[in-house]
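Right, one structure below, let's go through it.
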Amino acid sequence: MTAVARARHLGGQLAAELRHVGPPPVTRWAAIRAGGTLLVALLVLHAADAMDLGAAATFGAFAAIYGGAVPHRRRWRQQVALAGLLTGAVASGTLVATGEDRAWWAVLAAAVWSGIGAAASDRWRWRPPGPVFLVFAAATCASVPIEPHRVPLAIGTCLATAAFAVGLAVVETAVEVRRGDVPDHPPPLPPLPAGRQRLHAIRCVVVVLLSGGLMTATGVAHPYWAMVASVVPLAATTLRQQVARGVHRVVGTLLGLVLAGLLLVLPLSAVATILVVAVLQAGTELVVTRHYGLALVLITPLALLVTDLAHPEPLGELLGSRFVETLAGASVGLAAAWLTRRRPPSPPATR
């Protein structure tokens with residue numbers, strides 16, 4: 001095969017990967033539960049005039065999105081484990097946020113959680129895979145200044161929201177089992193070779209350090225978007241899938257920023273914004289297993305609306321920096337994927 005033909009073949013494969021739409025979610029109740037959990041948590045915080053803890057509640061709610069394709073006997077264990085890890089990431093992030101030098105410590109904290117998340121995901125085959133939400137939780141919470149006396153409140157908010165989310169998931173599963181209406185699940189993912197697991201953890205740490213360090217050194221307002229984007233491609237197994245996830249991240253974020261801009265210019269009350277966030281969370285759960293790029297169109301405004309509820313920022317700066325950070329982070333992640341790709345064995349030398 002000539003170089004041109006090979007390039008066309010690879011381009012066609014990548015295009016097919018970008019267009020690929022996965023199977024629908026096993027049950028739509030998970031989407032309703034995810035949106036409802038976040039709705040209740042944010043309404044409680046709004047009533048308590050504590051919207052600065054909205055990010056902690058959001059990350060706690062993410063605990064129950066894990067394990068949706070896992071049989072019910074193992075699902076709750078995975079969700080409880082993620083609830084503990086997400087709470088730990090929020091705790092470390094908020095502790096970092098109390099210091100004056102939080103920008104660089106945030107990079108270090110995110111890198112540590114990136115390695116922990118990558119190793120645990122590969123060991124226990126998380127669904128969805130990868131450390132992205134742990135990195136997101138640690139880096140986001142570390143980037144927002146907080147008074148030391150509110151750190152326990154942030155940790156408690158995350159833990160309580162995670163417990164509520166997992167509790168609803170357990171009840172849902174119990175109802176399924178009682179009715180004999182347990183849906184079919186895909187077969188368990190095969191174990192990854194130990195070498196690939198080590199490689200995944202190491203490169204996740206490295207890309208977070210590089211992307212976070214680059215953005216922090218250049219004075220970007222919120223480098224955590226770059227750190228999150230850098231680990232996204234690495235959750236896939238093949239280079240083609242990694243490139244597709246990187247492209248999905250960038251294009252999905254760009255479209256999501258357009259939607260976020262439209263929502264942020266509307267004169268929405270805090271309660272109306274919370275309702276929109278809950279709808280976006282439910283929509284994300286419906287589409288994330290089908291098309292990652294489409295999910296980013298919803299995740300991006302969700303994150304920005306939650307941030308705006310607690311810490312409003314100038315709209316143009318907010319949207320522009322998010323795209324630059326995402327592009328930079330995805331580029332670092334894709335470069336790492338390329339440099340560490342699996343190469344075909346060299347043909348034996350002939351005499």
Side-chain angles (χ1 to χ4, degrees), residues 31 34-39 41-43 45-46 51-62 65 93 128 132-133 135-137 139-144 211 215 220-232 245-288 290-331 333:
T37 299
L38 194 53
L39 175 65
L42 293 180
L43 285 176
L45 291 178
H46 175 64
M51 285 308 300
D52 60 314
L53 304 177
T58 302
F59 292 120
F62 284 151
I65 71 172
V132 60
F133 286 113
V135 174
F136 202 3
T140 301
C141 292
S143 69
V144 181
S211 60
M215 293 293 100
V220 174
H222 300 296
Y224 60 83
W225 278 67
M227 292 186 273
V228 172
S230 70
V231 298
V232 165
R245 281 181 68 87
V247 173
H248 281 158
R249 184 79 193 189
V250 173
V251 176
T253 297
L254 178 60
L255 297 177
L257 289 172
V258 174
L259 177 58
L262 294 174
L263 292 172
L264 287 168
V265 298
L266 293 177
L268 297 177
S269 65
V271 172
T273 301
I274 291 171
L275 289 172
V276 172
V277 166
V279 171
L280 291 171
Q281 174 78 331
T284 299
E285 183 69 15
L286 284 175
V287 303
V288 69
R290 309 207 70 189
H291 195 278
Y292 183 68
L294 181 57
L296 260 297
V297 178
L298 304 178
I299 293 172
T300 301
L302 186 158
L304 294 179
L305 287 173
V306 171
T307 301
D308 187 70
L309 283 170
H311 305 281
E313 298 180 33
L315 183 58
E317 178 183 336
L318 180 70
L319 301 182
S321 65
R322 290 311 187 272
F323 182 70
V324 171
E325 294 156 16
T326 298
L327 182 60
S331 299

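- When every heavy atom of A57 is checked against every heavy atom of L42, the shortest pair comes out as CB-CD2, 4.5 Å.
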Contacts table for residues 267-283: side-chain donor-acceptor under 3.5 angstrom, sequence neighbours left out:
from: S269; atom 1: OG; to: A272; atom 2: N; distance (Å): 3.2
from: T273; atom 1: OG1; to: S269; atom 2: O; distance (Å): 2.9

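- Residue S211 comes nearest to G329 through the heavy atom pair CB-CA, 4.2 Å, listed as atom of the first residue, atom of the second, then distance.
- Between L257 and L304, some side-chain heavy-atom pair lies under the 4.5 Å cut-off.
- The shortest heavy-atom contact between L315 and G261 is CD2-O, 4.3 Å.
- Taking 4.5 Å as the limit, every side-chain heavy atom of H248 sits out of range of all side-chain heavy atoms of L296.
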All N/O donor-acceptor pairs, side-chain side in residues 307-314, below 3.5 Å, sequence neighbours left out:
from: T307; atom 1: OG1; to: A303; atom 2: O; distance (Å): 2.9
from: E313; atom 1: OE1; to: H222; atom 2: NE2; distance (Å): 3.3
from: E313; atom 1: OE2; to: H222; atom 2: NE2; distance (Å): 2.8

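- The only member of T253, V247, L254 that meets side chain to side chain contact (heavy atoms under 4.5 Å, CB included) when paired with V251 is V247.
- W225 has its side chain within reach of T300: a pair of non-hydrogen atoms, C-beta onward, lies under 4.5 Å apart.
- Note: I65 CD1 to T284 OG1 = 9.0 Å, rounded to the nearest 0.5 Å.
- When every heavy atom of A260 is checked against every heavy atom of L319, the shortest pair comes out as CB-CD2, 4.4 Å.
- Between I299 atom CD1 and Y292 atom OH the span is 6.0 Å, to the nearest 0.5 Å.
- For P301 against L259, the heavy-atom pair with the smallest separation is CG-CD2, 3.8 Å.
- The shortest side-chain heavy-atom distance between Y224 and M215 does not fall under the 4.5 Å cut-off.
- Going from atom CG of L38 over to atom CZ of F62 covers 7.5 Å, rounded to the nearest 0.5 Å.
- Across all non-hydrogen atoms, the minimal contact from A295 to V288 is CB-CA, 3.7 Å.
- The backbone N or O of A137 sits nowhere less than 3.5 Å from a side-chain atom of T140 that would complete a donor-acceptor pair.
- The aromatic rings of F136 and F59 stand perpendicular to each other, their planes meeting at an angle above 60°, with 30° marking the opposite boundary.
- Residue M227 holds its CE atom at 12.0 Å from OG1 of T326, rounded to the nearest 0.5 Å.
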